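Here's the structure, in structure tokens; my notes come after.
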Amino acid sequence: MAPLLTVEDLRVTFPTRRGPSEVVRGVSFTLGRERLGIVGESGSGKSQTGRAILGLTPPPGVMTAKRLEFDGIDLRRATPAQWRSLRGARLSMVMQDPKFSLNPTMTIGRQLTEMLRFHARMSAAEKQRAALAMLEAVQIRDPDRVFRAYPHELSGGMGQRAMIAMMLVTEPDLLIADEPTSALDVTVQVEVLRILDRLVRDRGMGLIFISHDLRLVGSFCDRVLVMYAGRVVEELKAGDLDKATHPYTRGLMNCLPQIDRDIRPLPVLKRDEAWAR
Amino acid sequence: MATQANDEGRDSALLSFAGRAGGVAVTVLLTFLGLLLATFLIGRVVPIDPVLAVVGDRATQSTYDQAYKALGLDKPLAEQFWIYLQKVVTGDFGTSFMTKRPILEDIARTFPATLELATAGILIGTILGIPVGVWAAVRQGKLFDQVVRVLGLVGYSAPIFWLALVGLLVFYARLGWVAGPGRIDISYEYVITRQTGLMLLDTAMQGEWEAFRNALSHLILPASLLGYFSLAYISRMTRSFMLNELGQEYIITARVKGVPEWRIIWVHALRNAAVPLVTVVALSYATLLEGSVLTETVFAWPGLGLYLTNSLQSADMNAVLGSTIVIGAVFIGLNLLSDLLYGLLDPRIRRRA
């Protein structure tokens, strides 16, 4: 079976006063209908990798790649019209904080039905029904109320469920989740993740899960890419995390607190110039 | 069950609305009282003797004292203010001795002229200024943005009386595209009876279409000038509000959703930028309504600004105070309106009440 997404030598460059700065430096991977985790520290290029796949590298940044194909479509040559029909319909993304990623002056219902407006031929009543059903699917107990609510009237967990509902209502093939639980309370995180996990499994979608939380990614994904300074330094099966060989991954693993052992002083993550080369 | 909950919700919403309206009313009353106190005190401290204004400077001491008493100036200041308050509340601002008419009548005659001019100006400024500002934000740094920036700078910095004179010279004297100073040609002045005081409305209601065209031709140049000045400000503010909104995360969400660019700009971003814009437009309108003294002078526009200037020059304190109160009231009213619109446009404010 042909992979859903093929990325080869993806690079994202931003011009700065001191010359171009490459934040993603030759990332390659393929993705089927599976769950791929990308981990790394802040500034490792994981979020820019996700944005680049959606063609949303913020200007003046420039994205280049040897290959960037989604289901046989060369994304590098996609026209704006092609992008509009891909985004939302087949590719979508859940972002970090629903406080900022939802439009504050539109009701949740309008934001959900707007997704269908551009990607599905439905009557207004059908759109509303689909949106309500989707809100129910993310385990919102009173979808009618949430449908009519504005984002500020929802808690963070509710807002993120609404966001997930919006991004999945068109049944896309690939979802990029960029730190989808980082802004949420720890107690809510697990629940939101469980919802996301079930929806992705049920629909057989591809998922790219971007996070800085190695253990979370390990328990949630099939495969993990570890990024450092814009490069993939290690690729692992999620079950083999403790068999990681790269010193950076090992370093990350060693930093995790352990319940049965007091590891004080906490180890400091060592960085080596050579890994970035 | 559900309807009951709904009713309760509506009742509490109504209650909170009533509560808020009460709060707003108290604020407005207090502000207005402060305004009256300020104008009253100004009237007492300016070095103009109101008695002399009544009796003339060759009156005998006894006449002077009589008038002094008649005007109530021998009473304590607090009592004087109380009397002033009672008069103002009943619409009695005294008599102008320039025109020998009650101030209220004078204001009712001059204010509509200013209202008409300011409204035309703000309409031009808003209808053009917002799209121009939005587009300048979208094309940030490109040619369109630069041109708008330069035009805005000219709008800020060129003296309005100079632009007005040049405008008259070019469009009235040279090209003859528009009518000259004044609100309407003298030949039409007595054709129409005064109803609203708004020339365009009066002529239209009476079906005097020739007079309507004439009034419009008089209005268009000063209104465009005022419109240009508010356009410079409104477009600048729109641009910066839009740049702020276009950098927000929900714009990325909209892009991820595959929403077309026009809709991202004109629906998603502008809808959010509209919230602070309301205040900008309302305050620009208030500035124009204060009576653009210079514009009204150059165009011999018989509005509040011209009336106020003339009153000041002839030390007609009653007229000055009366106009000040009207201007202040307009300002308070527009502020109130923009607050209400704010609540209407921003759901976060609407529900907090």
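Order of the sequence lines fixes the chain letters, A, B, ..., with proteins taken first and strands second; residue numbering starts at 1 for each chain. All values derive from a computational prediction rather than experimental measurement.
Between chain A and the residues B:V259, B:I251, B:V275, B:V267, the most heavy-atom pairs under 4.5 angstrom are made by B:V259. Put simply, of B:E245, B:R255, B:Q248, the one with the most heavy-atom pairs under 4.5 Å next to chain A is B:R255.
A distance-only check finds no donor-acceptor pair linking the side chain of B:K257 to the backbone of A:F118 [under 3.5 Å]. The backbone N or O of B:T253 sits nowhere less than 3.5 Å from a side-chain atom of A:S101 that would complete a donor-acceptor pair.
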For side-chain contact (heavy atoms from CB on, under 4.5 Å), just list the numbers for A:E114 and B:R263, CA-CA rounded to whole Å, side-chain angles, deciding distance to a tenth of an Å, and then say yes or no. CA-CA 11 Å; A:E114 187 187 40; B:R263 197 176 151 85; 2.7 Å; yes
If you apply the rule side-chain contact (heavy atoms from CB on, under 4.5 Å), what do you find for A:N103 with B:R271, and how did you get there? CA-CA 10 Å; A:N103 186 334; B:R271 179 66 182 70; 5.8 Å; no
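Of the two parts of A:M115, the backbone and the side chain both hold a non-hydrogen atom closer than 4.5 Å to a non-hydrogen atom of chain B. The part of A:L56 that comes within reach of chain B is its side chain, from C-beta onward, which places non-hydrogen atoms under 4.5 angstrom from that chain. Looking at A:M93, both its backbone and its side chain come within 4.5 Å of chain B, counting heavy atoms on both sides. Residue contact with chain B, scored on non-hydrogen atoms closer than 4.5 Å, is absent for A:L86. Neither the backbone nor the side chain of A:R90 comes within contact range of chain B; no heavy atoms are under 4.5 Å apart.
For the pair A:M106/B:H268, a side-chain contact is recorded, criterion being any heavy-atom separation below 4.5 Å from C-beta on.
Annotation: A:W83, atom CH2; neighbour count of heavy atoms from other residues, nucleotides and ligands within 6.0 Å is above 12. Atom CZ of A:R110 sits in a sparse spot, with 12 or fewer heavy atoms from other residues, nucleotides or ligands closer than 6.0 Å.
Residues from residues 162-176 of chain A that place a non-hydrogen atom less than 4.5 Å from a non-hydrogen atom of chain B comprise A:M163, A:M166, A:M167, given in numerical order.
The shortest non-hydrogen separation linking A:P104 to B:P347 is O-CG, 3.3 Å.
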